[in-house]
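In what follows, a structure is listed as structure tokens, so that the remarks can point back to it.
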Amino acid sequence: MVRTHPRVRPTGPRTLDAVSCHVLILGGTAEARALAAALSARPGVRVTTSLAGRVARPGALDGEVRVGGFGGAEGLAGWLRREGVTALVDATHPFAESITANAARAAAATGVPAVVLRRPGWRPGPGDLWHPVPSLDAAAGLLPRLGRRVFLTTGRLGLASFAHLTELHFVARSVDPPEPPMPPDTHVLLARGPFTVPGETALLREHRIDVLVTKDSGGAATAAKLTAARDLGLPVVVVQRPPLPDGVTAVPDVASALERLGLG
């Protein structure tokens with residue numbers, strides 16, 4: 001269980017203050033970049049952002065950067081000890097379920113205070129035709145009843161769940177090229193947000209899309225597709241976020257994370 005504190009307080013040699021502390025950010029999100037910038041601007045704060053390495057060209061980051069896994073919860077716990085980490089911030093994607101679980105176990109094993117930074121999820125509004133589902137497999141099972149031309153925005157690692165849907169046409173958008181397996185009739189679009197409502201509307205019309213599939217990633221960078229779908233009267237299959245580990249709570253923004261770290 002991750003130990004969460006309203007404010008991290010001095011605890012002997014692992015004092016978290018503005019003079020000497022080491023914050024490890026498990027990153028990959030816009031919030032992780034913003035937090036790294038905010039912490040790096042503070043004197044005496046060492047910041048390391050760890051990236052999983054799944055994106056070929058990640059955005060620029062302030063502070064130190066490491067790429068690659070730790071070797072599970074035990075490997076991460078060892079790294080926290082060796083590097084004198086005084087606080088751990090899990091700012092990974094809301095669907096990085098295994099990383100979040102490993103971070104929780106590593107924090108509990110080492111006693112390092114931990115914060116989970118998660119942007120709020122999307123919420124449907126008037127006119128939205130949302131179909132919430134618990135998983136990608138559930139989304140695939142629902143699709144044949146909703147449409148034949150699918151705009152798939154679940155990331156390059158999620159296409160395998162739809163590979164058996166041979167009678168549907170997919171337009172799949174991702175930052176990096178996806179790898180098989182994927183549906184046989186798939187048109188791949190490589191693009192990185194933010195996206196605009198006019199742009200998303202034009203894309204949906206150009207490809208004659210009749211159903212959108214997305215994960216509940218939250219944030220403004222990729223939300224325009226939801227507005228475009230609503231304006232066009234299209235159904236949206238929304239894959240819900242996995243639950244956080246038991247005993248773990250999340251803060252919604254960088255300011256809240258800084259306050260939790262005692263650096264607000």
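The first residue of the sequence shown is numbered 1, and numbering continues consecutively from there.
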| Do the side chain of Ser256 and the main chain of Pro252 share a donor and acceptor less than 3.5 angstrom apart? | no
| By ring-ring contact (aromatic ring centres under 6.0 Å, His included), which residues pair with Phe195, not counting sequence neighbours? | none
| field | Cluster link Leu142 to Val211, ILVMFWY, side chain under 4.5 Å | value | yes
| query | Any side-chain heavy-atom pair from Leu263 and Leu39 closer than 4.5 angstrom? | reply | yes
| message | Please list all pairs meeting salt bridge (Lys or Arg N to Asp or Glu O under 4.0 Å) that have one or both residues in residues 113-123, counting only residues at least two apart or in different chains. | response | Glu31-Arg119, Asp90-Arg118
| salt bridge (charged side-chain N to carboxylate O under 4.0 Å, His left out) with Glu64: which residues, sequence neighbours excluded? | Arg46
| field | Minimum heavy-atom distance between Gly68 and Ser50, given as atom pair plus value | value | O-OG, 3.9 Å
| task | Find out whether Val175 and Arg156 are in side-chain contact, i.e. whether some heavy atom of one side chain is under 4.5 Å from a heavy atom of the other. | result | no
| remark: Heavy-atom nearest pair, Gly72 first then Asn102, reads CA-ND2, 3.8 Å
| side-chain hydrogen bond (donor to acceptor under 3.5 Å, both in side chains) involving Asp62 - partner list, sequence neighbours excluded | none
| said: Quick check against the 3.5 Å criterion: does Thr100 have a side-chain atom that pairs as donor or acceptor with the backbone of Glu97? | reply: no
| Joint cluster assignment, Val213 & Val133, ILVMFWY side-chain distance < 4.5 Å | yes
| remark: In terms of heavy-atom contacts, Gly63 and Ser40 come closest through N-OG, 3.5 Å
| task | Measure the shortest side-chain to side-chain distance between Leu165 and Pro144 over non-hydrogen atoms and say whether it is less than 4.5 angstrom. | result | yes
| Thr214/Phe151 under side chain to side chain contact (heavy atoms under 4.5 Å, CB included): CA gap, chis, key distance, verdict | CA-CA 9 Å; Thr214 184; Phe151 185 31; over 6 Å; no
| said: Return the CD1 to CG distance between Ile25 and Leu117, rounded to the nearest 0.5 Å. | reply: 8.5 Å
| His207: partners by ring-ring contact (aromatic ring centres under 6.0 Å, His included), with sequence neighbours left out | His187
| query | Is the backbone of Arg149 close enough, under 3.5 Å, to the side chain of Asp210 for a donor and an acceptor to pair up by distance? | reply | yes
| Which atom pair, heavy atoms only, marks the closest approach of Gly28 to Leu51? | N-CD2, 3.6 Å
| Would a distance-only check, ignoring hydrogens and angles, find a side-chain to backbone donor-acceptor pair under 3.5 Å from Thr29 to Ala91? | yes
| said: Please list all pairs meeting side-chain hydrogen bond (donor to acceptor under 3.5 Å, both in side chains) that have one or both residues in residues 127-142, counting only residues at least two apart or in different chains. | reply: Asp128-Arg230, Asp137-Ser161
| task | Could you check if a side-chain atom of Leu159 sits within less than 4.5 angstrom of a side-chain atom of Pro181, using non-hydrogen atoms only? | result | no
| query | Nearest 0.5 Å, what's the CG-CZ distance between Leu143 and Phe162? | reply | 6.0 Å
| Around atom CD of Glu83, are there more than 12 heavy atoms of other residues, nucleotides or ligands at under 6.0 Å? | yes
| query | Passes side chain to side chain contact (heavy atoms under 4.5 Å, CB included), Val188 versus Val171? Steps please. | reply | CA-CA 6 Å; Val188 176; Val171 176; over 6 Å; no
| Taking side chain as C-beta onward, heavy atoms only, is Phe95 less than 4.5 Å from Arg241? | yes
| query | With sequence neighbours left out, what residues match Asp185 under side-chain hydrogen bond (donor to acceptor under 3.5 Å, both in side chains)? | reply | His169
| remark: Sorted by chain and number, sequence neighbours left out, side chain to side chain contact (heavy atoms under 4.5 Å, CB included) with Ala223 holds for Trp122
| Are the side chains of Val115 and Val251 in touch, meaning some heavy atoms are under 4.5 Å apart? | yes
| said: Less than 4.5 Å apart, side chain to side chain, heavy atoms only: is that true for Val23 and Val85? | reply: no
| Given the rule that I, L, V, M, F, W and Y join up when any side-chain heavy atoms are under 4.5 Å apart, are Val47 and Val254 in one cluster? | yes
| task | Apply the test side chain to side chain contact (heavy atoms under 4.5 Å, CB included) to residues Leu258 and Arg42: give CA-CA distance (whole Å), side-chain angles for both, the deciding distance (0.1 Å), then the verdict. | result | CA-CA 11 Å; Leu258 291 172; Arg42 295 168 184 265; 3.9 Å; yes
| request: Flag yes if Leu61 and Val67 sit in one hydrophobic cluster, no otherwise; membership is Ile, Leu, Val, Met, Phe, Trp, Tyr, and two members link when side-chain heavy atoms are under 4.5 Å apart. | output: yes
| note | Residue pairs passing the salt bridge (Lys or Arg N to Asp or Glu O under 4.0 Å) test with at least one member in residues 157-170, sequence neighbours excluded, are Arg148-Glu167
| field | Side-chain heavy atoms of Leu212 within contact of Val150, under 4.5 Å | value | no
| Can you tell me how far the CG atom of Leu189 sits from the OG1 atom of Thr153, to the nearest 0.5 Å? | 11.0 Å
| Applying the 4.5 Å side-chain criterion to the ILVMFWY set and letting contacts propagate, would Val197 and Leu204 be lumped into a single cluster? | no
Let me have the donor-acceptor pairs involving side chains of residues 231-240, under 3.5 Å, with sequence neighbours excluded, atom names and distances please.
none

| field | Minimum-distance pair of heavy atoms, taken over all atoms of Leu88 and Val112 | value | N-CG1, 3.8 Å
| Are the side chain of Thr201 and the backbone of Ala228 linked by a donor-acceptor contact shorter than 3.5 Å? | no
| query | Do Arg173 and Glu200 meet the salt-bridge criterion of a basic N to acidic O distance under 4.0 Å? | reply | yes
| field | For Gly147 against Leu168, the heavy-atom pair lying closest together | value | O-CD2, 3.6 Å
| query | Who pairs with Ser217 by side-chain hydrogen bond (donor to acceptor under 3.5 Å, both in side chains), at least two apart in sequence or on another chain? | reply | His93
| remark: Across all chains, not counting sequence neighbours, the salt bridge (charged side-chain N to carboxylate O under 4.0 Å, His left out) partners of Arg66 are none
| task | Under the side chain to side chain contact (heavy atoms under 4.5 Å, CB included) rule, what do Asp176 and Leu190 come out as? Steps first, then yes or no, please. | result | CA-CA 6 Å; Asp176 294 313; Leu190 299 182; 5.8 Å; no
